[in-house]
Amino acid sequence: MSRLQSWPEPIIRVHELSESGIKKIPENFVKLPSERPSSITTLSSSSHVDNIPLIDLENLNSSDESIRDETMELISKACREWGFFQVVNHGVSHELMANARSVWREFFHLPLDEKQKFANSPITYEGYGSRLGVVKGAKLDWCDYFFLHYLPEKLKDENKWPSLPISCRHIIGEYGEEVMKLCERLTKILSINLGLNEDYLHTKFGGDNERGACLRVNFYPKCPQPDLTLGLSPHSDPGGMTLLLPDTDVPGLQVRRGDDWITVKPVPNAFIVNIGDQIQVLSNAIYKSIEHRVIVNSAKERVSLAFFYNPGGDILIKPADELVTEERPALYLPMTFNEYRAFIRTKGPCGKSQVESLKSPR
């Protein structure tokens, strides 16, 4: 964890920049030419190219065993080949999903002095923020965000959650409870598909008492030069598993597929699920955490909710013994999630190099 008590430079609130009417973005948001959205071929999911898989979880309740088996295999294949998939009929109320998006949009449109009451620092990132990483002079992403903890209980502090809009804390709490249930269900499915006990990932994450869960709500304001910057730089998620509630009306998430970027078109009332670095390690790279990024828009703002389901910070993560063989030795050195997260917080988003740095020397 970073020891810096404050950010290395004055914080720039991106929404305020966007609302100021500027025609050009500040230089510290301009990415290097090789890192700009147009630097690599971008494929739209509306064209005739592959999109991330879509899984109907209701099929797992079918009385037809072949349908259940087929659905389990679709999830397994998505984890192995894509690292991303969308789920529908997942059990979370569609009304709650819509309310969560709506209340967070309201928060980001509050007067700046109200939002500033929850301004964060590099110590935990908890609260209202506008940058990742503590490297002075770094190129910034076109995004404001709010980060908060659900688990473990010792980190959860509802007083640090937004007090406005009035319904915000209640909706945040209810949303966390429901999405947590979905994460628990998915980790059982992933464990079974790996040939492990259904509680394997739950146990390795620390069980009910030590596992972690947090929420990062992203707000991507309108950008006058979206071709020069990104809402979120390329990275793989450092934790266990991420459930993203996207903005259905404004696509922005892009997933790397070979040398291309696939622009994900969200399915209404679906969650986008992606594998994090810790599950890649635990699965000995059978499941893949895939690099992704976010593009921004000159005409529309965008809100998304990323729910991170993680191992406890002090738990040592290493490949499952059952998945290590002579033909496939352990690919990663053991490391606690806190140790790994400290590295990420220092560097900020850095593609796939973060998890590859854990690989065991040969």
Side-chain angles (χ1 to χ4, degrees), residues 7-9 11-47 49-52 82-84 129-145 216 218-238 242 244 246-247 249-266 272 274 289-304 306 344-356:
W7 300 105
E9 300 160 313
I11 291 295
I12 301 172
R13 299 303 184 190
V14 181
H15 190 211
E16 306 310 306
L17 273 179
S18 176
E19 293 294 299
S20 71
I22 59 171
K23 303 300 181 184
K24 292 184 177 181
I25 62 176
E27 187 62 29
N28 51 349
F29 288 94
V30 177
K31 304 294 183 181
L32 297 173
S34 62
E35 299 172 347
R36 295 173 189 173
S38 59
S39 64
I40 301 177
T41 304
T42 298
L43 302 176
S44 170
S45 62
S46 61
S47 64
V49 300
D50 287 338
N51 192 14
I52 64 172
W82 281 91
F84 273 83
S130 298
R131 72 174 289 162
L132 295 173
V134 292
V135 177
K136 189 172 183 179
K139 292 294 184 181
L140 303 178
D141 291 334
W142 192 264
C143 177
D144 292 331
Y145 65 87
R216 178 183 146 120
N218 305 294
F219 180 67
Y220 304 103
K222 291 179 286 187
C223 178
Q225 294 179 296
D227 55 323
L228 298 183
T229 192
L230 288 166
L232 196 55
S233 296
H235 66 288
S236 60
D237 289 350
T242 304
L244 181 74
D247 192 320
D249 299 326
V250 189
L253 174 66
Q254 293 188 328
V255 175
R256 185 183 280 279
R257 184 72 166 165
D259 292 331
D260 300 320
W261 289 97
I262 303 293
T263 300
V264 177
K265 184 177 181 180
I272 297 172
N274 69 277
S289 67
I290 298 298
E291 193 175 1
H292 51 287
R293 68 182 187 182
V294 175
I295 56 174
V296 290
N297 193 295
S298 61
K300 295 181 179 180
E301 66 185 33
R302 182 169 171 270
V303 174
S304 68
I344 304 305
R345 284 181 171 170
T346 300
K347 301 294 184 181
C350 51
K352 279 287 290 183
S353 64
Q354 50 197 36
V355 71
E356 297 307 314

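The residues of the chain are indexed from 1 along the displayed sequence.
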- Between Thr263 and Gln254, do the side chains contain an N or O donor and an N or O acceptor separated by less than 3.5 Å? yes
- Is the shortest heavy-atom distance from the side chain of Tyr220 to the side chain of Ser304 under 4.5 Å? yes
- Report the residues that fulfil side-chain hydrogen bond (donor to acceptor under 3.5 Å, both in side chains) with Thr229, sequence neighbours left out, ordered by chain and then residue number. none
- Query: side-chain contact (heavy atoms from CB on, under 4.5 Å) with Lys136: which residues, sequence neighbours excluded?
  - Reply: Pro8, Glu9
- Query: Are Lys265 and Pro246 side-chain neighbours, meaning at least one heavy-atom pair lies under 4.5 Å?
  - Reply: no
- Are any side-chain N or O atoms of Asn274 and backbone N or O atoms of Gly83, one a donor and one an acceptor, separated by less than 3.5 Å? no
- Note on the structure: Applying side-chain contact (heavy atoms from CB on, under 4.5 Å) to Gln225 and not counting sequence neighbours gives Lys24, Ile25, Asp227, Leu228
- Query: Hey, does Ile272 have a side-chain heavy atom less than 4.5 Å from the side chain of Val264?
  - Reply: yes
For a quick test of your reading: what N or O donor-acceptor pairs under 3.5 Å do the side chains of residues 295-302 make, sequence neighbours left out?
residue	atom	partner	partner atom	Å
Asn297	OD1	Ala299	N	2.7
Asn297	OD1	Lys300	N	2.9
Glu301	OE1	His109	NE2	3.0
Glu301	OE2	Arg105	NH1	2.9
Glu301	OE2	His109	NE2	2.9
Arg302	NE	Val250	O	2.9

- Message: Among residues at least two apart in sequence or on other chains, which ones pass side-chain hydrogen bond (donor to acceptor under 3.5 Å, both in side chains) with Arg13?
- Response: Gln116, Ser130
- Partners of Glu16 by salt bridge (charged side-chain N to carboxylate O under 4.0 Å, His left out), sequence neighbours excluded? Lys115
- Message: Test of understanding: with ring-ring contact (aromatic ring centres under 6.0 Å, His included), list the residues that count as partners of Phe84, not counting sequence neighbours.
- Response: His292
- Message: Quick one, Ser233 and Asp141 - any side-chain contact, counting heavy atoms below 4.5 Å?
- Response: yes
- Query: Just how far is it from atom NE2 of His15 to atom OG of Ser20, taken to the nearest 0.5 Å?
  - Reply: 10.5 Å
- Task: Quick one: list whatever passes side-chain contact (heavy atoms from CB on, under 4.5 Å) with Ile12, sequence neighbours left out.
- Result: Leu17, Asn28, Phe29
- Gap between atom CZ of Arg256 and atom NE2 of His235 - 0.5 Å precision: 13.0 Å
- With sequence neighbours excluded, tell me which residues meet side-chain contact (heavy atoms from CB on, under 4.5 Å) with Lys139. Glu27, Lys31
- Do Leu132 and Leu232 touch side chain to side chain, with heavy atoms closer than 4.5 Å? yes
- Item | Trp142 vs Leu230 side-chain heavy atoms within contact, under 4.5 Å | no
- Any donor and acceptor pair, going by atom type alone, linking the side chain of Arg293 with main-chain N or O of Pro37 inside 3.5 Å? yes
- Message: To the closest 0.5 Å, what do you measure between CG (Leu244) and CG (Asp237)?
- Response: 9.0 Å
